[in-house]
Amino acid sequence: MKPIYVNKEHEIIIEKYLDTVCSFAEQCSSKNKFNNFLDVLEQIIEYHNEYKIAAHTGNWSDFLLIIPINVTTMTNGFFAGIENKRNLTQIRTYQMLLSEILQEVVNKLGDIKPRNE
């Protein structure tokens, strides 16, 4: 499933973010656990798309932040579930990077102006 984007800038920001997050998750998990990660990711994207379709619901900022906020939260939960002594350093590094990436994404998304308002 592909997210609905408001413009090309939105698409570039979110696609880069999702590629990075998925790469982190894939590098530190088994194929089965990564597939479970992708299943939950698909549900978040579905919620994002339905939120856009139901334009009378919520607001612009909420719509733009659904994917980064929810995916970051999901990913941190995923990392907590797979963390062990062997991968502790890798997981903690990914969590720190994920936090920094989220800040960058939120700042960039804040610059996108609403259409039709």
Side-chain angles (χ1 to χ4, degrees):
M1 177 171 282
K2 200 127 173 87
I4 294 173
Y5 301 109
V6 297
N7 59 28
K8 191 67 173 172
E9 181 182 11
H10 183 223
E11 179 179 3
I12 291 167
I13 293 166
I14 295 299
E15 287 297 322
K16 182 179 177 188
Y17 166 78
L18 290 175
D19 287 346
T20 302
V21 170
C22 287
S23 174
F24 288 174
E26 186 174 27
Q27 289 177 31
C28 60
S29 65
S30 68
K31 186 163 179 66
N32 284 339
K33 288 185 183 203
F34 181 65
N35 285 335
N36 291 340
F37 175 88
L38 293 176
D39 289 343
V40 178
L41 175 60
E42 188 170 317
Q43 291 175 11
I44 292 170
I45 292 171
E46 183 178 338
Y47 172 69
H48 165 85
N49 290 350
E50 289 175 6
Y51 193 93
K52 172 66 174 147
I53 292 167
H56 61 279
T57 310
N59 66 45
W60 178 257
S61 180
D62 289 349
F63 171 71
L64 291 178
L65 297 176
I66 286 172
I67 289 177
I69 299 295
N70 286 288
V71 171
T72 298
T73 303
M74 172 199 59
T75 304
N76 278 319
F78 178 76
F79 287 157
I82 64 170
E83 184 180 285
N84 57 43
K85 288 180 184 179
R86 190 174 34 90
N87 67 10
L88 180 66
T89 302
Q90 180 184 23
I91 295 292
R92 297 284 168 90
T93 300
Y94 284 153
Q95 287 176 316
M96 183 186 69
L97 290 171
L98 186 59
S99 177
E100 291 175 14
I101 292 167
L102 176 62
Q103 272 304 324
E104 290 176 24
V105 167
V106 168
N107 289 338
K108 289 177 183 177
L109 291 175
D111 293 337
I112 297 176
K113 300 301 175 214
R115 300 181 307 177
N116 303 328
E117 267 198 359

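Here the structure is a predicted model, which is why all the values come from computation and not from measurement.
- Contact record, Y5 with E11: CD2-CA, 3.3 Å, taken as the closest heavy-atom pair.
- A search for side chain to side chain donor-acceptor pair (under 3.5 Å) contacts involving T75 returns nothing, not counting sequence neighbours.
- Scored by the ring pair (Phe, Tyr, Trp, His ring centres under 6.0 Å) test, F79 finds no partners at all (sequence neighbours excluded).
- Across all their heavy atoms, C28 and I91 have their closest contact at SG-CD1, 3.6 Å.
- Judged by distance alone, with hydrogens and angles left aside, the side-chain atoms of N76 form no donor-acceptor pair with the main-chain N or O of T73 at under 3.5 Å.
- The closest donor-acceptor contact from the side chain of Y17 to the backbone of V105 lies at 3.5 Å or more, if one exists at all.
- With sequence neighbours left out, the ring pair (Phe, Tyr, Trp, His ring centres under 6.0 Å) criterion links Y94 to F24.
- By the side chain to side chain donor-acceptor pair (under 3.5 Å) test, S23 is found to be paired with Q27, residues two or more places apart in sequence or in another chain being considered.
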Do any side-chain atoms of residues 33-41 form donor-acceptor pairs under 3.5 angstrom with protein atoms, and if so which ones, sequence neighbours left out?
| from | atom 1 | to | atom 2 | distance (Å) |
| --- | --- | --- | --- | --- |
| N35 | ND2 | K31 | O | 3.3 |

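- Between the CD1 atom of I4 and the CD1 atom of I67 there is a distance of 9.5 Å, given to the nearest 0.5 Å.
- For E9, the side-chain contact (heavy atoms from CB on, under 4.5 Å) partners two or more places apart in sequence, or in a different chain, are N7, I13, I112.
- A search for side chain to side chain donor-acceptor pair (under 3.5 Å) contacts involving E83 returns R92, not counting sequence neighbours.
- The CD1 atom of I69 sits 10.0 Å away from the CG atom of D62 when rounded to the nearest 0.5 Å.
- Looking at residues two or more places apart in sequence or on another chain, you find a side-chain contact (heavy atoms from CB on, under 4.5 Å) between E46 and M1, E50.
- Annotation: side-chain contact (heavy atoms from CB on, under 4.5 Å) contacts of S61 (sequence neighbours excluded): N59, L65.
- Evaluation of the side-chain contact (heavy atoms from CB on, under 4.5 Å) rule for I12 yields K8 as partners, not counting sequence neighbours.
- Applying the salt bridge (Lys or Arg N to Asp or Glu O under 4.0 Å) test to residues at least two apart or on different chains, none of the pairs has a partner in residues 96-112.
- Considering all non-hydrogen atoms of both residues, L18 and P3 come closest at CD1-CG, 4.2 Å.
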